[in-house]
Amino acid sequence: MRIEVLGKGAVDLADGARYGDLVEKLALADVLAVAVGDRILELFRPVEAGQVRLLTFADPDGRRVFRHTAAHVLAQAVKRLYPEAKLAIGPPTEDGFFYDILFADPIGPADLARIGEEMEQVVAEDHPLQRQEISREEALADFQRADEPFKLQLIEALPQDALITTYSQGEFTDLCRGPHLVRTGLIKALRLTSVAGAYFRGNDQGPMLQRVYGTAFPTVEELERHFFLIEEAKRRDHRRLGPELDLFSFHDVAPGFAFWHAKGLILYETLVAFSHSLQQPLGYQEVSTPWIFKTELWETSGHAAHFKDNMFLMEAEDEAFGVKPMNCPGHCLLFKEATRSYRELPLRYAEYGPLTRRERSGTLHGLLRVRGMHQDDTHTFLAPEQIEQVVTEALGLVDAIYQTFAMPIEIHFSTRPEDHMGEEALWDRAESALEAVLQAGGRPYVTDPGEGAFYGPKLDFVATDALGRRWQVATIQLDFQLPIRFDLHYIDREGKEKTPVMVHHAIMGSLERFIGVLVEHFAGAFPLWLAPIQVRVLPISEKEHQAAKELAATLRLDGVRAEVDDRNEKVGWRIRAAEQDKVPYVAVIGQREVEAKTASVRERGGRDLGALGHEAFARKLKDHIAARWPGPGHLVDPAD
RNA sequence: GCUGACGUAGCUCAGUCGGUAGAGCACCUGCAUGGUAAGCAGGAGGUCCCCGGUUCGAUCCCGGGCGUCAGCUCCA
């Protein structure tokens with residue numbers, strides 16, 4: 001038979017051949033599994049009709065197959081060491097795998113080493129994997145006999161007509177739909193990383209299992225690189241760098257609320273100014289609305305019914321109030337203050353003020369998950385035929401901002417959740433409008449069914465940072481509900497009352513989260529335009545203190561954030577301090593520079609830019625700040 | 001919110017098998033006036049998270065609370 005292989009052309013195979021024979025014929029040692037249509041198949045499966053895609057570890061699907069088998073190796077090792085342990089589920093994850101297990105006695109981190117050694121043993125034994133299709137009755141009987149209660153629950157939850165399969169390796173058999181590697185020996189490098197609590201099927205009423213995490217790679221080198229990246233992520237952790245760089249802090253008596261220090265507030269204000277500079281030309285008007293409203297407003301908006309658990313509620317003079325978690329209801333009241341004409345649409349409000357959400361205590365995480373935040377929040381009231389224009393402009397804002405930080409973005413289209421309000425027909429209309437814009441822009445996107453807000457479908461944006469980590473940041477949400485709930489109208493061309501549509505968007509998202517992400521993305525070494533201190537002037541000795549102060553004052557007059565470090569320490573010590581503070585430029589002033597009216601400029605990282613005249617230095621700094629240059633670097637071109 | 005671990009100087013962390021504690025860095029002072037990532041010397045700094053219990057005595061053991069961390073769930 002003749003099989004079409006993606007990227008390899010047609011291959012002739014004997015009848016009854018398996019995919020492993022195909023891979024062997026092509027002499028490709030690193031193929032782990034194959035994809036035929038939307039199915040992923042093991043190499044031991046007989047060849048079927050249809051074009052074949054070869055999956056290696058470089059392919060996300062191949063990686064999942066590899067680590068799924070690693071999860072089985074973990075389960076096998078655990079059952080050898082703890083025969084009484086009960087297995088739940090063991091899937092691959094983005095960068096590893098886990099297995100949820102109920103141990104008779106909880107295990108601790110110290111037990112991981114022992115389990116890891118047994119896993120190495122299972123790998124060394126190089127068991128071939130086998131797949132069995134079994135009937136529902138057989139499955140129930142098998143796992144009854146094996147005394148695996150969670151597996152029985154899983155089988156019972158399967159649809160009556162589901163194909164039930166098990167996979168075996170050596171003495172170990174697991175309920176699993178696969179697919180898997182063909183041999184355990186392919187897992188050349190693995191490590192268990194942690195153990196944590198997890199509920200069976202995420203049900204916090206059920207038993208708490210222990211989730212054992214690990215990761216696996218085809219080579220030791222890849223495993224080591226993985227852990228290097230984890231170390232690098234720790235080094236960049238904004239919770240460490242933030243206080244270290246004097247940007248922000250937290251206090252036990254205000255969990256989830258940041259103290260913004262002077263240097264951190266510079267980041268905040270610079271980003272808000274950047275946002276404003278992009279949005280103001282599109283007609284967004286910055287406003288400020290109340291932050292505490294009577295419950296009546298939250299009932300109108302629907303927050304009382306759908307968001308109450310996430311709000312701080314309070315009482316004063318026998319009246320119930322709620323602190324705002326979002327700006328939209330306030331902006332609706334603003335819209336309603338006058339009779340609006342179609343000529344005013346799209347009417348756009350922007351607000352950067354504080355929002356408060358009562359996030360559950362266990363979810364708080366530095367700046368990335370807070371209770372007190374500021375968003376680059378906007379609400380646009382528009383006529384239905386303007387949806388495309390407004391959403392397209394918002395997509396342009398996303399591009400402008402994330403390109404500035406060289407962060408690629410991924411678009412998620414989230415559709416109606418179970419807990420939603422409004423008619424199905426309106427939801428259909430909103431969802432198809434968003435999809436139409438995405439398709440018109442020809443952008444790739446993924447659909448997340450059921451992930452929309454309770455008032456409308458949305459586009460969520462995931463940014464990738466310098467370490468390849470992904471962060472949920474921007475959101476653009478379409479809303480047909482709030483205008484109805486607030487009974488909003490505009491007068492159209494024919495003089496008739498019409499209901500406007502709303503678009504909510506936050507492009508940086510929460511400034512708190514965004515700054516947290518940027519701290520990690522840049523490892524605290526911000527580009528010049530964002531850096532809280534842009535230049536540190538460093539006199540060699542007391543004789544140059546005055547000249548240093550004068551240079552700093554001159555730079556400050558040009559809008560450059562410059563300061564003098566005249567501490568009683570040697571130059572080397574102060575250079576090191578500037579480097580640790582991640583200051584983009586150090587301007588050293590000694591006797592030579594005083595006489596020549598120059599400064600010797602050192603770039604963050606160590607490059608010596610030589611002596612620059614004061615005016616030339618200031619001009620270059622100003623230009624690069626205005627251009628939001630992603631540097632440091634390039635302040636002086638080699639050609640200069 | 002749930003499960004588990006943790007909470008000692010500004011930071012990173014030792015330590016006390018129950019007898020009120022220590023290092024490095026940072027900070028302050030003095031000497032040294034310095035040339036691109038750590039000069040030398042000295043000093044100050046602690047409610048050992050909070051509240052209760054056990055004990056002659058608790059930072060240490062027990063209980064509760066708060067916070068942090070890792071997960072679960074949720075999300076900007």
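In what follows, chains are A, B, ... by sequence order, proteins preceding strands, each numbered from 1.
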Novice: Which residues in residues 260-276 of chain A have a heavy atom closer than 4.0 Å to any atom of RNA chain B?
Specialist: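 Heavy-atom cutoff 4.0 Å gives no residues at all.
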
Novice: Tell me whether the rings of A:Phe259 and A:His251 are parallel (<30°), tilted (30 to 60°) or perpendicular (>60°).
Specialist: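 Rings of A:Phe259 and A:His251: tilted, as their planes differ by 30° to 60°.
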
Novice: Considering residues at least two apart in sequence or located in another chain, which fulfil the salt bridge (Lys or Arg N to Asp or Glu O under 4.0 Å) criterion with A:Glu418?
Specialist: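 A:Glu418 satisfies salt bridge (Lys or Arg N to Asp or Glu O under 4.0 Å) with no residue once adjacent residues are dropped.
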
Novice: Taking all heavy atoms of A:Leu154 and all of A:Ile89, pick out the closest pair and write down the distance.
Specialist: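 Looks like CD1-CG2, 3.9 Å.
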
Novice: Please state the C1' separation for the pair B:rG63 and B:rU54 - nearest whole angstrom.
Specialist: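 Nearest-Å result for B:rG63 against B:rU54 at atom C1': 11 Å.
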
Novice: Got a sec? Which of residues 535-546 of chain A come in under 4.0 Å of RNA chain B, heavy atoms?
Specialist: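 Here the set is A:Ile540, A:Ser541, A:Glu542, A:Lys543.
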
Novice: Could you check which nucleotide pairs with B:rG71 in any of the strands shown, counting Watson-Crick or G-U wobble with both distances under 3.5 Å?
Specialist: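 Matched B:rG71 with B:rC2 under the 3.5 Å cut-off.
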
Novice: Check every strand shown and say whether A:Gly572 touches a base, only sugar-phosphate, or nothing at a heavy-atom separation below 4.0 Å.
Specialist: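 A:Gly572: backbone/sugar contact only, no base atoms under 4.0 Å.
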
Novice: Before you tell me yes or no, could you show the steps for A:Phe257 and A:Phe248 under ring-ring contact (aromatic ring centres under 6.0 Å, His included), namely the whole-Å CA-CA distance, both residues' side-chain angles and the distance that decides it to 0.1 Å?
Specialist: CA-CA 10 Å; A:Phe257 290 80; A:Phe248 60 83; over 10 Å; no

Novice: Quote, to the nearest angstrom, the P distance that separates B:rA14 from B:rA23.
Specialist: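 So the two P atoms sit 16 Å from each other.
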
Novice: Say we look at B:rU8 and B:rC13: how far apart would their C1' atoms be, to the nearest angstrom?
Specialist: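 One C1' to the other, the span is 9 Å.
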
Novice: Shorter than 3.5 Å, N or O on both sides, protein versus nucleotides 63-71 of chain B: list them out with atom names.
Specialist:
unit_1 : atom_1 : unit_2   : atom_2 : d
B:rG67 : O2'    : A:Asp252 : OD1    : 2.6
B:rC69 : OP1    : A:Arg239 : NH1    : 3.2
B:rC69 : O3'    : A:Arg239 : NH1    : 3.4
B:rA70 : OP1    : A:Arg239 : NH1    : 3.4
B:rA70 : OP1    : A:Arg239 : NH2    : 3.0
B:rA70 : OP2    : A:Arg239 : NH1    : 3.3
B:rA70 : OP2    : A:His365 : ND1    : 3.3
B:rG71 : O3'    : A:Tyr213 : OH     : 2.9
B:rG71 : O2'    : A:Gly197 : O      : 3.0

Novice: Between B:rC31 and B:rC11, how many Å separate the two P atoms, rounded to a whole number?
Specialist: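 One P to the other, the span is 31 Å.
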
Novice: Could you tell me how far B:rG19 sits from B:rG24 if I compare only their C1' atoms? Round to whole Å.
Specialist: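 Each nucleotide's C1' atom is 28 Å from the other's.
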
Novice: Taking the side chain of A:Arg360 as heavy atoms from C-beta outward, which of B:rC75, B:rC74, B:rG35 is closest to it?
Specialist: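 Taking heavy atoms from C-beta onward, the closest nucleotide is B:rC74.
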
Novice: Relative to the 5' end of RNA chain B, which residue comes earlier, A:Glu244 or A:Ile575, by the nucleotide with the nearest heavy atom?
Specialist: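 It is A:Glu244 whose nearest nucleotide is closer to the 5' end.
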
Novice: Can you give me the N/O atom pairs linking the protein to nucleotides 25-28 of chain B at distances under 3.5 Å, or say none if there are none?
Specialist:
none

Novice: Going by modelled atom types, is there a donor-acceptor pair between the base of B:rA76 and the side chain of A:Glu359 at under 3.5 Å?
Specialist: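 Per atom types, the contact qualifies.
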
Novice: Closest to the A:Gln375 side chain: B:rC75, B:rG35, B:rA76?
Specialist: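 The answer is B:rA76.
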
Novice: Just call it for A:Asp377: base, sugar-phosphate, or nothing, with non-hydrogen atoms closer than 4.0 Å on any strand.
Specialist: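 Nothing: the residue A:Asp377, judged by heavy atoms under 4.0 Å, touches no strand.
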
Novice: Between the side chain of A:His504 and the main-chain N/O of A:Thr380, is any donor-acceptor distance below 3.5 Å?
Specialist: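 The answer is no, because no donor-acceptor pair under 3.5 Å joins these two groups.
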
Novice: Between A:Asp95 and A:Arg67, is the closest basic N to carboxylate O distance under 4.0 Å?
Specialist: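 Here A:Arg67 does not pair with A:Asp95 in a salt bridge, since their nearest N and O are not under 4.0 Å apart.
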
Novice: To the nearest 0.5 Å, what is the distance between CD1 (A:Ile101) and CD (A:Gln210)?
Specialist: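 So the CD1 of A:Ile101 and the CD of A:Gln210 are separated by 8.5 Å.
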
Novice: Between A:Tyr352 and A:His276, how do the two ring planes meet: parallel, tilted or perpendicular, split at 30° and 60°?
Specialist: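 The rings of A:Tyr352 and A:His276 stand perpendicular, inter-plane angle above 60°.
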
Novice: By nearest heavy atom, map A:Arg240 and A:Glu512 onto RNA chain B; which one lands nearer the 5' end?
Specialist: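 Whichever sits nearer the 5' end wins; that is A:Arg240.
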
Novice: On a whole-Å scale, what distance lies between the C1' atoms belonging to B:rG7 and B:rU12?
Specialist: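 That atom pair is separated by 14 Å.
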
Novice: Determine, stepwise, if the pair A:Asp581 / A:Arg576 fulfils salt bridge (Lys or Arg N to Asp or Glu O under 4.0 Å).
Specialist: CA-CA 9 Å; A:Asp581 293 342; A:Arg576 179 168 184 269; over 6 Å; no

Novice: Please measure how far the P atom in B:rU73 lies from the corresponding atom in B:rC49, and state the result in whole Å.
Specialist: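 One P to the other, the span is 33 Å.
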
Novice: Any side-chain N or O of A:Lys458 under 4.0 Å from OP1/OP2 of B:rA76?
Specialist: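 Checking A:Lys458 against B:rA76: at least one side-chain N or O falls below 4.0 Å of OP1 or OP2.
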
Novice: Which base sits across from B:rC40 as a Watson-Crick or G-U pair, both distances under 3.5 Å?
Specialist: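 Check on B:rC40: paired to B:rG30, both distances under 3.5 Å.
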
Novice: For A:Glu512, is there an ion pair with A:Arg369 - N to carboxylate O distance below 4.0 angstrom?
Specialist: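 No salt bridge links A:Arg369 with A:Glu512.
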
Novice: Would you say the ring centers of A:Tyr99 and A:His68 fall short of 6.0 Å from each other?
Specialist: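 No, the ring centres sit 6.0 Å or more apart.
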
Novice: Given that both distances must come in under 3.5 Å, which nucleotide forms a Watson-Crick or G-U wobble pair with B:rG63?
Specialist: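 Looking at the geometry, B:rG63 pairs with B:rC51.
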
Novice: Parallel, tilted or perpendicular: which fits the ring planes of A:His505 and A:Tyr284, with parallel below 30° and perpendicular above 60°?
Specialist: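 The rings of A:His505 and A:Tyr284 stand perpendicular, inter-plane angle above 60°.
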
Novice: List in chain and number order the residues that pass side chain to side chain donor-acceptor pair (under 3.5 Å) with A:Tyr455, two or more places apart in sequence or in another chain; answer none if no residue qualifies.
Specialist: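 Scan of A:Tyr455 (side chain to side chain donor-acceptor pair (under 3.5 Å), adjacent residues dropped) gives A:Gln477.
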
Novice: Remember a base hit wins even if backbone is also touched, and classify A:Val588 as base, sugar-phosphate or nothing at under 4.0 Å, heavy atoms.
Specialist: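 Touches a base.
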
Novice: Taking the six-membered ring for Trp, is the centroid-to-centroid distance between A:His331 and A:Tyr349 below 6.0 Å?
Specialist: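 Yes, they do, as the ring centres are separated by less than 6.0 Å.
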
Novice: Look at A:Glu232 together with A:Arg236 and state whether they make a salt bridge at an N to O cut-off of under 4.0 Å.
Specialist: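 A:Arg236 and A:Glu232: salt-bridged.
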
